[in-house]
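Here the structure comes first, spelled out in structure tokens, and everything after it is commentary.
Protein chains get the first letters and strands the later ones, always in sequence-line order, with residue 1 at the start of each. Given the structure is predicted, the values throughout are model-derived calculations rather than measurements.
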Amino acid sequence: MSVEQFVNEAVSPWMKEEGEDSDIVLSSRIRFARNLAQVPFPTSRNEEDLSRVLEYVEQEFNNQSFKSFKQFELIKMNELKPIEKRVLVEKHLISPHLAENNNVGGVLISHNEQASIMVNEEDHLRIQVYYSGFELDKALKNALDLDDWIEERIQFAFDERRGYLTSCPTNVGTGMRASVMMHLPALTMTKQMNQIIPEINKLGLVVRGIYGEGSEALGQLYQVSNQLTLGKSEEEIVNDLSSIVRQLINSERKAREWIVNQLGIQLENRIFRSYGILTHSRIIESKEAQKCISDVRLGIELGLIEGVSRQTINELMVFTQPGFLQQYAKKTLTPHERDIFRADLIRERLQLENNN
Amino acid sequence: MKCQRCEQNEATMHYTQVVNGEKTEVHLCNQCADKEGYMNFHNNGLSIHQFLTSMFPFDQPMSQKQSIQSHTTLQCDHCGLTYDEFRNKGKFGCNHCYEAFEPYLNPIFKRVHSGNERHVGKIPKRAGGNLHKQREMDKLKHELVQLIEKEAFEDAAQVRDRIKALREEIESEKGGDV
């Protein structure tokens with residue numbers, strides 16, 4: 001059992017690679033929902049059937065390797081401590097739904113954490129792959145390969161007319177959700193996200209703030225994904241999404257130029273104040289940390305802050321979350337203790353960076 | 001909200017300006033924003049809105065609300081889920097529910113998937129049968145029509161031969177099953 005590996009490192013190995021447009025796009029993800037043809041869906045809550053699915057997956061795929069993903073390891077939900085589950089959620093390796101109510105749930109995680117296959121979530125299998133930066137095409141290709149590999153040993157529920165059959169009508173067809181995580185501080189500051197989000201929604205795509213609500217996204221991070229899964233091929237869906245992401249990237253770049261010209265020293269002031277808070281505060285709440293990290297990330301991309309890498313910023317993003325903090329502290333912390341510990345960790349991490 | 005400058009057009013640009021600690025909200029229409037020298041995202045004549053809507057010509061709202069009759073008697077033989085339960089939970093119980101509730105699914109799928117009800121994406125190698133070849137056939141037929149329209153007869157002849165070969169393959173597989 002090497003769940004320790006997955007919960008001890010804040011940053012997944014794949015995040016250390018730098019993809020396309022990584023000044024704006026943090027990561028690209030492809031997820032497929034798949035079900036076994038012979039067993040009722042997890043929504044039927046037949047634990048006997050579902051535990052057989054988990055056993056079968058363990059027997060067929062545990063410790064197996066596939067291409068660049070290397071070895072997969074099966075982790076069962078009922079063998080995890082709550083804090084460990086929470087860390088896996090914070091690292092996006094499992095969903096909150098899988099972590100919450102599941103005696104028969106499990107997850108196959110690839111050694112580099114690039115692929116994770118949830119077992120008995122809402123569907124029998126949720127196959128997902130992550131890539132750093134704007135790499136949807138690459139993610140799709142490798143996710144399709146991984147899907148083929150799994151299909152060699154599992155017969156999927158499939159219908160000629162409806163495609164891959166899923167628990168929820170919103171996933172039927174391709175069963176695919178493609179998404180990118182974007183950092184859009186300039187579009188947010190210039191209040192353009194309020195206009196852009198409804199327009200994108202009209203196209204069968206969804207934009208939502210990663211933390212916080214709607215356009216008031218905390219940390220100015222947004223996830224853009226497809227809504228529609230039926231009536232278009234996987235490639236078409238990815239192409240549609242990509243063209244919107246491309247537009248957003250261009251708009252964000254223009255908006256960044258604009259705020260630099262228009263706000264000048266005020267923008268610098270905001271960024272360096274945030275940097276100051278991160279490097280000097282003794283108590284910091286999650287919300288404030290997210291806001292400051294977002295400002296500093298922008299400062300790095302604009303060339304204002306030197307000597308701090310994107311890598312470190314990605315690490316800090318995971319640090320700020322309650323589950324990881326407690327895993328790192330090796331004990332349960334009260335909210336107040338967490339805020340102190342968070343401030344300590346951030347300070348130390350940035351100091352380390354400056355000394356290098 | 002109306003534009004602050006001309007007080008006529010709808011304001012489309014909103015932003016917060018901070019000068020010497022004084023915070024002011026600015027709301028302007030496109031034209032005035034231009035004149036005032038504010039950021040202009042429409043200067044290449046392609047707004048995000050225009051770009052997006054032109055990509056989706058069929059993006060019309062589903063006007064008539066589809067009414068689905070509730071049938072308490074309708075039930076999936078395999079997992080026992082009733083149609084009412086399906087409607088309440090919004091989740092199927094097993095793959096056979098798709099057959100059991102078939103008559104009521106098109107309006108649901110169309111509503112969720114912008115008017116689509118048919119899968120055109122990936123086909124699994126196992127369950128797909130000769131569906132791969134059927135799809136290939138559809139594609140080739142479509143290609144053939146286009147080539148003939150363009151009067152590219154040499155290419156068309158090649159495509160025709162490929163269709164013929166594929167048809168024979170499909171036929172021979174059918175024979176093999178007996």
List the atom of [X], the atom of [Y], and the distance in Å for their closest heavy-atom pair.
{"X": "B/Ser114", "Y": "A/Leu228", "answer": "OG-CD1, 3.4 Å"}
{"X": "B/Pro124", "Y": "A/Glu151", "answer": "CB-OE2, 3.4 Å"}
{"X": "A/Ala37", "Y": "B/Asn95", "answer": "O-ND2, 2.9 Å"}
{"X": "B/Tyr98", "Y": "A/Thr166", "answer": "OH-O, 2.6 Å"}
{"X": "B/Gly93", "Y": "A/Thr43", "answer": "CA-OG1, 4.0 Å"}
{"X": "B/Phe109", "Y": "A/Val172", "answer": "CE2-CG1, 3.8 Å"}

Discussion item. Working note: A/Lys191 + B/His27, criterion side chain to side chain contact (heavy atoms under 4.5 Å, CB included); need CA distance, chi angles, decisive distance, verdict.
Written reply: CA-CA 11 Å; A/Lys191 303 201 171 161; B/His27 307 280; over 6 Å; no
Worksheet entry | Residues that B/Lys91 engages under salt bridge (charged side-chain N to carboxylate O under 4.0 Å, His left out), provided they are two or more places apart |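 With neighbours one apart ignored, the set is A/Glu122.
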For [X], does the [atom1] atom have more than 12 heavy-atom neighbours from other residues, nucleotides or ligands under 6.0 Å away?
{"X": "B/Lys139", "atom1": "NZ", "answer": "no"}
{"X": "A/Arg153", "atom1": "CZ", "answer": "yes"}
{"X": "A/Glu160", "atom1": "CD", "answer": "no"}
{"X": "A/Arg161", "atom1": "CZ", "answer": "yes"}
{"X": "B/Glu10", "atom1": "CD", "answer": "yes"}
{"X": "B/Lys2", "atom1": "NZ", "answer": "yes"}

Counting only heavy atoms closer than 4.5 Å, note whether [X] contacts chain B via side chain, backbone, both or neither.
{"X": "A/Leu267", "result": "neither"}
{"X": "A/Leu144", "result": "both"}
{"X": "A/Asn261", "result": "neither"}

Name the option with the most non-hydrogen atom pairs under 4.5 Å to chain B; the candidates are [options].
{"options": "A/Asp147, A/Leu36, A/Asp159, A/Leu205", "answer": "A/Asp147"}
{"options": "A/Leu165, A/Asp148, A/Val39, A/Asn35", "answer": "A/Leu165"}
{"options": "A/Pro169, A/Ser233, A/Gly163, A/Pro198", "answer": "A/Pro169"}
{"options": "A/Ile259, A/Ile154, A/Asn46", "answer": "A/Ile154"}
{"options": "A/Ala157, A/Ser167, A/Gly173", "answer": "A/Ser167"}
{"options": "A/Glu152, A/Met176, A/Gln227, A/Glu236", "answer": "A/Glu152"}

Discussion item. Checking A/Arg162 against B/Glu99 for the salt bridge (Lys or Arg N to Asp or Glu O under 4.0 Å) test, could you report, in this order, the C-alpha distance in whole Å, the side-chain angles of both residues, the deciding distance, and whether it holds?
Written reply: CA-CA 11 Å; A/Arg162 305 298 191 192; B/Glu99 297 150 35; over 6 Å; no
Discussion item. Between A/Glu235 and B/Lys122 (salt bridge meaning N to carboxylate O under 4.0 Å), is one present in this structure?
Written reply: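 No salt bridge links A/Glu235 with B/Lys122.
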Worksheet item: What part of B/Glu117 lies closer than 4.5 angstrom to a heavy atom of chain A: side chain, backbone, both or neither?
Response: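 Answer is both: backbone and side chain atoms of B/Glu117 are under 4.5 Å from chain A.
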Fill in: Spacing of CG belonging to B/Leu81 relative to CZ belonging to A/Phe41, to within rounding of 0.5 Å
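Nearest 0.5 Å value for the CG-CZ distance: 10.5 Å.
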Discussion item. Keeping B/His113 on the side-chain end and A/Thr229 on the backbone end, is there a donor-acceptor pair under 3.5 Å?
Written reply: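 At least one qualifying donor-acceptor pair exists.
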Discussion item. Can you confirm whether A/Leu230 sits close enough to B/His119 that some side-chain heavy atom of one is under 4.5 Å from a side-chain heavy atom of the other?
Written reply: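 Sidechains of B/His119 and A/Leu230: in contact.
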Item to complete: Report the option among B/Cys94, B/Cys97, B/Gly121, B/Gly80 that has the most heavy-atom pairs separated by less than 4.5 Å from atoms of chain A.
Response: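 Top option by heavy-atom pairs under 4.5 Å: B/Cys94.
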